[in-house]
Amino acid sequence: MRFATWNVNSIRTRIDLVASWLDTHRPDVLCLQETKCRDEDFPVEAIHRLGYETVLHGHDHWNGVAIVSRVGVEDVRRGFTGPQVAPFDEARLIAARCGGVDVYSAYVPNGRALDDPHYLYKLVWLERLRAELMLRGGSEDETLVTGDFNVAPTDEDIYDPRRWRRRTHASAPERSAISALLELGFVDLGAEDHHFTWWNYRTAAERNMGLRLDLALASTPLSATVESCVVDVAARRVERPSDHAPVLITTSSE
DNA sequence: ATGGTAGCGCTGCTA
């Protein structure tokens with residue numbers, strides 16, 4: 001099977017790009033983040049025409065996540081289990097069973113700055129994700145947790161670590177939160193290659209000033225079947241690209 | 001230390 005994750009930075013702006021990318025690569029499942037639209041405004045037709053189903057979790061024009069699948073979508077969960085209390089009711093998490101694999105599409109809060117309340121929100125959000133995965137017992141199942149984690153797990157995941165020392169995405173507590181997810185029994189599939197997945201629009205992306213923020217965490221049983229995990233940088237060599245590149249995961253299972 | 005771009009929806013917020 002093939003899975004993908006992509007922060008598209010507005011699905012309405014990027015729908016033609018996403019549809020042609022789906023048509024070219026034909027993954028079984030594509031997880032989307034930052035769709036930035038209400039569910040009724042999501043351009044599902046172009047995706048359905050290609051033989052995919054969509055399950056959406058959007059709210060206004062912020063955040064927004066989705067799962068696109070051609071191997072079925074069952075047991076759909078939107079947000080965290082339990083009461084939807086602000087700000088944890090933001091549209092940042094959707095999960096579903098696709099072709100026998102439990103798939104999560106996550107958009108972790110940015111954090112903004114180390115002294116911003118949003119940074120604490122980010123840490124607590126990651127802890128809630130850990131609780132969600134732990135209570136679900138997903139690590140013993142075939143589970144894939146993908147998305148934009150807004151954390152560069154190591155200094156090797158940053159073009160210039162010194163520059164990011166006092167910023168979010170690279171702080172020790174954020175990295176600990178990612179480690180805590182892995183300790184549940186997940187493997188960070190991009191951890192060996194450290195290929196970047198995000199480039200700031202405001203700086204020279206052509207000089208590869210990027211970060212690895214989009215992760216694919218595979219449960220131990222699923223990770224045993226993984227053949228490759230690659231970043232498709234070609235998807236950014238278009239007019240008006242997303243600031244993120246899609247990540248493609250291939251497993252040996254049918 | 002700062003500024004640079006993009007998207008949304010309407011003027012500033014978020015990233």
Side-chain angles (χ1 to χ4, degrees), chain A residues 5-19 21 31-44 46-47 56-66 79 86-94 105-126 129 146-153 157-171 173-175 177-178 196-215 231 233-247:
Chain A
T5 182
W6 197 359
N7 178 322
V8 290
N9 187 17
S10 170
I11 189 62
R12 286 176 293 175
T13 298
R14 230 69 71 190
I15 183 58
D16 291 346
L17 177 63
V18 170
W21 190 87
C31 294
L32 298 171
Q33 301 88 35
E34 275 210 272
T35 52
K36 285 186 170 175
C37 71
R38 299 177 300 177
D39 292 349
E40 55 266 42
D41 297 326
F42 195 109
V44 290
I47 293 172
L56 311 175
H57 184 34
H59 179 67
D60 288 342
H61 58 100
W62 300 124
N63 315 310
V65 286
F88 296 93
D89 58 343
E90 291 179 332
R92 294 181 177 277
L93 186 68
I94 188 169
S105 178
Y107 178 47
V108 178
N110 177 284
R112 297 175 191 166
L114 297 183
D115 59 355
D116 192 303
H118 203 257
Y119 173 74
L120 292 177
Y121 170 46
K122 178 182 196 173
L123 294 179
V124 177
W125 199 97
L126 282 165
L129 177 61
T146 67
D148 177 3
F149 283 75
N150 271 315
V151 178
D157 300 307
I158 305 179
Y159 67 95
D160 182 0
R162 280 185 54 237
R163 214 181 150 89
W164 286 77
R165 200 153 283 169
R166 290 156 187 265
R167 297 186 190 177
T168 59
H169 300 63
S171 72
E174 290 165 276
R175 288 175 171 172
I178 299 298
F196 302 147
T197 66
W198 172 86
W199 298 262
N200 196 328
Y201 281 126
R202 293 169 288 189
T203 49
E206 59 271 18
R207 281 185 280 150
N208 200 27
M209 297 166 67
L211 275 69
R212 185 171 73 95
L213 305 178
D214 300 86
L215 309 182
V231 181
V233 290
R236 293 194 73 253
R237 292 198 271 268
V238 297
E239 224 178 297
R240 292 218 299 166
S242 169
D243 46 351
H244 294 252
V247 179

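Below, chains carry the letters A, B, ... as their sequence lines are ordered, and counting in each starts from 1. Predicted model only: the values in this text are computed from it and were never measured.
The phosphate of B:dA6 has neither OP1 nor OP2 within less than 4.0 Å of any side-chain N or O from A:Thr13. Under 4.0 angstrom from either OP1 or OP2 of B:dG7 there lies at least one side-chain N or O belonging to A:Arg14. The side chain of A:Arg12 places no N or O atom within less than 4.0 Å of a non-bridging phosphate oxygen (OP1 or OP2) of B:dG7.
The side chain of A:His61 sits closest to B:dC8 out of B:dA6, B:dC8, B:dG3. Among the nucleotides B:dG7, B:dG3, B:dA15, the one closest to any side-chain atom of A:Arg202 is B:dA15. Among the nucleotides B:dA15, B:dT5, B:dG3, the one closest to any side-chain atom of A:Arg163 is B:dG3. Here the side chain of A:Asn63 is nearest to one of B:dA15, B:dC8, B:dG4, namely B:dA15.
A:Ser105 and A:Gln33 form a side-chain donor-acceptor contact under 3.5 Å, judged by distance and modelled atom types alone. A:Asn63 and A:Lys36 form no side-chain donor-acceptor contact under 3.5 Å, judged by distance and modelled atom types alone.
In this structure, CD of A:Gln33 is placed 14 Å from C1' of B:dA15, rounded to the nearest angstrom. The CZ-P distance, from A:Arg240 to B:dC8, rounds to 8 Å in whole Å. Computed from coordinates, the A:Asn200 CG to B:dA6 P distance equals 11 Å when rounded to whole Å. In this structure, A:Glu34 places its CD atom 6 Å from C1' of B:dA15, rounding to the nearest Å. As rounded to whole Å, 17 Å separates atom P of B:dG7 from atom CG of A:Asp41. Atom pair A:Asp148:CG and B:dA15:P shows a separation of 10 Å (rounding to whole Å applied). Between the CZ atom of A:Arg166 and the P atom of B:dT2 there is a distance of 13 Å, rounded to whole Å.
Each of A:Asp243 and A:Thr35 was matched to the nucleotide of DNA chain B holding its nearest heavy atom; the match closer to the 5' end belongs to A:Thr35. Place A:Tyr107 and A:Asn9 on DNA chain B by their nearest nucleotides, and A:Asn9 ends up nearer the 5' end.
Aromatic rings from A:Phe88 and A:Tyr121 are positioned such that their centres are separated by under 6.0 Å.
Rounding to the nearest 0.5 angstrom, the gap separating the CG atom in A:Leu32 from the CG atom in A:Asn9 is 12.0 Å. How far OG1 of A:Thr168 is from NE2 of A:His118: 10.0 Å, rounded to the nearest 0.5 Å.
The separation of B:dA15 from B:dG3, taken at their C1' atoms, amounts to 15 Å, rounded to a whole angstrom.
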